[in-house]
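Heads up: the structure comes next, in structure tokens.
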Amino acid sequence: MNSLLTELHSTFGFTFEEIKQGIACRVDGVDADVLDIDKWIYSAERMPSWAKRAAASWIIELWMKDRDACEPTELLKVDN
């Protein structure tokens with residue numbers, strides 16, 4: 001199973017720098033410079049729980065945005 005960061009990178013096309021900024025803005029008190037995206041992107045076990053929660057929150061935000069913008073006939077496609 002891919003880490004959530006891998007999904008943000010490969011599926012959604014975010015760069016490592018965009019992922020650093022995205023995680024940092026979803027966690028109070030964390031500076032993007034302390035994030036170690038390069039290590040976490042390929043090894044979810046090393047990723048701290050606060051970063052996992054931030055990535056999950058971001059993916060849910062993206063899913064909800066796509067779901068709100070689609071036609072009812074496209075909901076299943078977005079949910080998959």
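Since the structure is predicted, the reported quantities are computational estimates derived from the model, not experimental observations.
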* Check salt bridge (Lys or Arg N to Asp or Glu O under 4.0 Å) between Glu74 and all other residues, then give those that pass, not counting sequence neighbours. => none
Set of residues satisfying side chain to side chain contact (heavy atoms under 4.5 Å, CB included) with respect to [X], sequence neighbours excluded:
X: Thr15; value: Glu17, Glu18
X: Ala55; value: Leu4, Leu5, Leu8, Ile23, Met47
X: Arg67; value: Trp63, Leu75, Val78, Asp79

* Asked: Quick one: does Trp40's side chain get under 4.5 Å of Ile19's, heavy atoms only?
  -> no
* ring pair (Phe, Tyr, Trp, His ring centres under 6.0 Å) partners for Phe12, two or more places apart -> none
* To do: Can you measure from CG (Leu62) to CZ (Phe14) and round to the nearest 0.5 angstrom?
  => 5.0 Å
* Measure across Gly22 and Cys25 and return the closest heavy-atom pair with its distance rounded to 0.1 Å. => O-SG, 3.3 Å
